[in-house]
Amino acid sequence: MDKVKIGIPRSMYYYFYGRFWKYFFEYLDVPIIVSPKTNKEIIKNGSFKSIDEMCMSLKIFMGHIDYLKDKCDYILIPRIDNYGYDNQTCTNFLSLYDLVSNVFDVNIINYNIDYTKKQREIDGLYYIGACLKKTRKQIYHAYKMAKIKEKKDLKKEIIYNYNKLKSNKIKILVVAHPYNLYDDFIGKPIIKMLDMLNVCVIYCDKFESDLCRELALDLSSNLYWKYSRENIGAIKLVEDKIDGIIFLSTFPCGPDSLVNELMIRKTKKPCLNLILDDMDSLTGIETRIESFIDILEKKIQN
Amino acid sequence: MGNYYIPVKYLFSHILDAKIIDAPMITNKTVELGSKYSPDFVCMPFKYTLGTMIECLDKKANVLFQAGGGCRYGYYSELQERILKDLGYDFKLVNLVTMGQADVKKIYRDFKSLDDNFSGIKALYYLFITSKMVKYMDKIDDFIRQNIGFEVKKNSFINLNKEMLYKFSKVKSYMGLRFLYLKYKRKFKKIPVKKDKNHLKVGIIGELYTLMEPFSNYFLERELASYNIEVKRYTNAHYLLFEKKNKVKWYLKYARDYAKYRLGADGLDNVGRAKYLCKHGYDGIIHIKSSFCTPEISAMAILNRISSDYDIPIAYFSFDTENSDEAMKTRLEAFLDMIKMRRDRNE
């Protein structure tokens with residue numbers, strides 16, 4: 001019997017739940033295909049399929065879907081609305097499913113997380129299981145095992161990230177959404193640049209997310225975006241151990257436009273606000289980063 | 001926002017023992033002030049409200065109110081407060097919606113701290129009158145929108161509306177309000193209009209602030225009226241405050257071919273409305289939004305499909321803080337010409 005193949009776009013949700021999905025489908029014995037790292041071709045196709053005012057990350061997402069559309073049976077696109085009233089997501093995340101189903105002619109496997117309407121993550125996964133003809137018991141088992149494995153991996157990364165704080169180099173906290181930070185076209189080149197300049201890069205998303213969410217309220221009492229809260233909490237957590245902050249966002253990111261502005265006004269550390277779009281050359285950004293590092297070095301010397 | 005300052009002023013002047021300062025009408029100067037101190041790619045309402053706040057503070061106001069939710073609106077107040085404090089103003093900002101939901105207890109406490117004599121029951125009574133006032137205003141507005149393009153004597157609708165709003169702001173009880181509403185409804189119906197049998201009909205959908213603040217869309221509705229066109233618009237304050245909760249379920253069912261979930265803010269509503277307008281013989285749809293409005297951008301992709309399915313043209317207007325409205329007027333004229341030609345060809 002042919003097995004159902006599930007495609008996962010390497011964008012947006014992948015950077016939050018990718019590892020979990022990998023383990024989860026491994027336990028269920030369902031083959032998955034993950035789209036390749038972002039390249040020029042994907043961005044070109046994505047921009048072609050999307051509205052011109054969409055944010056860069058969303059255009060990349062559309063490009064990944066375009067790549068996957070005839071290479072698998074189903075494409076996995078969850079819809080995560082909120083984890084309670086004070087943990088909502090960006091409106092782009094709410095519309096991903098409908099966007100893709102209207103623009104592309106593909107089969108989508110989908111689940112919905114909405115804690116205000118009592119739709120938990122496991123309920124969504126049960127729904128997926130029904131589509132894949134798996135029993136509830138199998139799903140529950142796979143869910144638990146995948147969660148445990150994911151936790152283990154995360155713990156390692158968090159410890160590694162904390163250890164970086166002890167280094168003697170210049171330490172810079174990069175505040176960005178994971179789907180921008182680890183994307184091969186947006187975040188990776190910038191991190192490479194920072195590595196070349198002999199800077200210790202600390203990621204904002206590799207801390208305990210629960211702790212960060214609580215801490216974020218000290219900086220901004222009214223912030224209700226889950227992912228932004230996790231980023232902002234990291235600033236509060238390590239503010240006195242770092243030398244500078246780089247804010248990285250894509251044009252025109254909705255939450256970032258407000259939250260980053262507020263943070264730049266509130267934080268006492270020197271900071272650099274980078275806004276990226278579909279660019280052919282990163283020379284402009286490179287100059288800005290270099291001068292920022294120079295300023296930091298002079299500041300430390302004094 | 002449009003004429004809604006009248007009921008809001010009415011409410012606050014009755015429940016709070018304070019001097020209410022009229023927010024000045026939005027002008028180019030407001031927009032300039034707002035965009036000067038705003039982040040780069042924030043959506044337009046932020047700039048407008050910030051500009052208005054600065055103008056109010058210059059008039060020696062010391063308490064500001066802000067409310068909103070759904071998308072970015074809910075987070076405006078905190079950043080605006082910070083920006084204004086950095087500018088050196090001393091004031092108190094009362095945020096009616098916190099953490100994405102309205103907390104009645106918190107609002108009560110806020111008001112109590114502003115005014116010791118604040119009474120909850122009195123506030124409820126005036127809230128009731130205000131909500132009814134908003135409802136009546138919206139009903140009259142709907143009627144005006146349908147007929148203003150065909151008035152025989154120029155400005156007759158606008159003048160009567162101004163008169164009505166002035167009377168509304170002086171009203172003392174609910175019965176008085178209702179009496180006034182019925183009286184003016186009759187008056188509005190008596191205004192002579194000259195309607196063609198097959199006049200053009202256009203629906204306006206889009207983002208709520210741009211729809212309701214006439215300055216931000218360069219008086220698009222007035223422009224349409226000058227072309228003798230009947231206009232249908234759904235979004236108004238009454239819809240947002242009271243009807244939306246019930247309507248969303250209906251829209252989900254009605255537009256199920258196009259959208260499975262809510263799209264955030266008014267995204268789903270606009271998809272449902274577009275389908276409704278297409279099915280009920282409207283000649284064209286105008287979709288307006290402020291630039292970088294995320295929910296509407298997602299909705300636009302779906303609207304494109306509706307447009308091709310039903311073969312109804314949709315014009316997209318994205319407004320930012322430009323100084324001139326000529327570009328919009330040219331595009332609008334071309335769009336209306338196209339609708340007219342389509343209509344002639346089909347007959």
Side-chain angles (χ1 to χ4, degrees), chain A residues 49-55 58 62 79-82 84-104 108 110 112 114 116-117 217 219-225 228 249-266 273 275 277, chain B residues 37-43 46 66 69-83 85-86 95 97-103 255-268 271 289-306 309 316 318:
Chain A
K49 287 277 179 189
S50 46
I51 309 268
D52 48 358
E53 270 182 64
M54 277 176 183
C55 82
L58 196 54
M62 299 296 258
R79 176 184 181 275
I80 296 174
D81 190 310
N82 55 52
Y85 279 112
D86 47 355
N87 279 321
Q88 301 177 9
T89 56
C90 166
T91 40
N92 277 341
F93 282 63
L94 310 188
S95 58
L96 276 187
Y97 170 84
D98 291 315
L99 202 59
V100 173
S101 69
N102 277 292
V103 175
F104 295 97
I108 299 172
N110 151 274
N112 187 17
D114 190 343
T116 55
K117 285 181 187 145
L217 293 184
L219 278 174
S220 165
S221 58
N222 196 15
L223 186 58
Y224 53 83
W225 290 297
S228 290
S249 60
T250 47
F251 183 84
C253 176
D256 277 359
S257 67
L258 298 171
V259 177
N260 286 358
E261 176 77 16
L262 186 67
M263 284 310 120
I264 289 168
R265 277 164 190 273
K266 278 199 172 173
N273 192 12
I275 296 155
D277 204 346
Chain B
Y37 300 112
S38 301
D40 301 338
F41 45 94
V42 76
C43 47
F46 187 93
Q66 174 69 289
C71 48
R72 260 188 276 189
Y73 274 128
Y75 195 63
Y76 275 9
S77 56
E78 195 169 348
L79 181 57
Q80 280 173 338
E81 191 179 0
R82 180 77 196 186
I83 290 175
K85 289 247 160 93
D86 281 354
N95 190 12
V97 181
T98 39
M99 289 297 228
Q101 58 186 143
D103 185 353
R256 61 180 175 278
D257 303 342
Y258 298 100
K260 196 175 167 190
Y261 300 112
R262 289 183 301 114
L263 302 176
D266 278 0
L268 172 72
V271 172
K289 70 168 176 50
S290 63
S291 37
F292 313 134
C293 174
T294 33
E296 294 303 329
I297 291 170
S298 320
M300 271 160 77
I302 304 171
L303 291 178
N304 277 340
R305 207 181 127 211
I306 294 182
D309 280 3
Y316 299 101
S318 186

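Note on naming: letters A, B, ... go to the chains in the order of the sequence lines (proteins, then strands), and numbering restarts at 1 for each one. These figures come from a predicted structure and were not determined experimentally.
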Residue set satisfying ring pair (Phe, Tyr, Trp, His ring centres under 6.0 Å) with Phe46(B), at least two apart, ordered chain then number -> Tyr76(B)
By ring pair (Phe, Tyr, Trp, His ring centres under 6.0 Å), Tyr258(B) pairs with (sequence neighbours left out) none
Interface check, chain B: of Leu99(A), Asn260(A), Asn112(A), most non-hydrogen pairs under 4.5 Å belong to Asn112(A)
Chain B shares the most heavy-atom pairs under 4.5 Å, among Asn82(A), Ile275(A), Asn273(A), with Ile275(A)
Check whether [X] gets within reach of chain A through its side chain, its backbone, both or neither, counting any heavy atom under 4.5 Å.
{"X": "Ile83(B)", "answer": "both"}
{"X": "Ser77(B)", "answer": "side chain"}
{"X": "Lys289(B)", "answer": "side chain"}
{"X": "Arg262(B)", "answer": "both"}

Could you grab the distance from atom [atom1] of [X] to atom [atom2] of [Y], nearest 0.5 Å is fine?
{"X": "Asn102(A)", "Y": "Met300(B)", "atom1": "CG", "atom2": "CE", "result": "14.0 Å"}
{"X": "Phe292(B)", "Y": "Cys55(A)", "atom1": "CZ", "atom2": "SG", "result": "11.5 Å"}
{"X": "Ile302(B)", "Y": "Ser101(A)", "atom1": "CD1", "atom2": "OG", "result": "7.0 Å"}
{"X": "Lys260(B)", "Y": "Asn110(A)", "atom1": "NZ", "atom2": "CG", "result": "4.0 Å"}

Asn92(A)/Ser298(B) under side-chain contact (heavy atoms from CB on, under 4.5 Å): CA gap, chis, key distance, verdict
CA-CA 7 Å; Asn92(A) 277 341; Ser298(B) 320; 3.8 Å; yes
Does any heavy atom of chain B fall under 4.5 Å from the side chain of [X], the backbone, both, or neither of them?
{"X": "Asp81(A)", "value": "side chain"}
{"X": "Asp256(A)", "value": "neither"}
{"X": "Lys266(A)", "value": "both"}
{"X": "Thr89(A)", "value": "neither"}

Q. Judged by atom type as modelled, is there a donor-acceptor pair below 3.5 Å linking the side chain of Arg265(A) to the main-chain atoms of Leu79(B)?
A. no
Of all the heavy-atom pairs spanning [X] and [Y], show the shortest one and how long it is.
{"X": "Glu53(A)", "Y": "Ser318(B)", "result": "OE2-OG, 3.1 Å"}
{"X": "Ser95(A)", "Y": "Leu263(B)", "result": "CB-CD2, 3.5 Å"}
{"X": "Ala301(B)", "Y": "Ile51(A)", "result": "N-CD1, 3.8 Å"}

Could you walk me through whether Leu94(A) and Tyr261(B) pass the side-chain contact (heavy atoms from CB on, under 4.5 Å) check? CA-CA 8 Å; Leu94(A) 310 188; Tyr261(B) 300 112; over 6 Å; no
**Message:** For Glu261(A), is there an ion pair with Arg82(B) - N to carboxylate O distance below 4.0 angstrom?
**Reply:** no
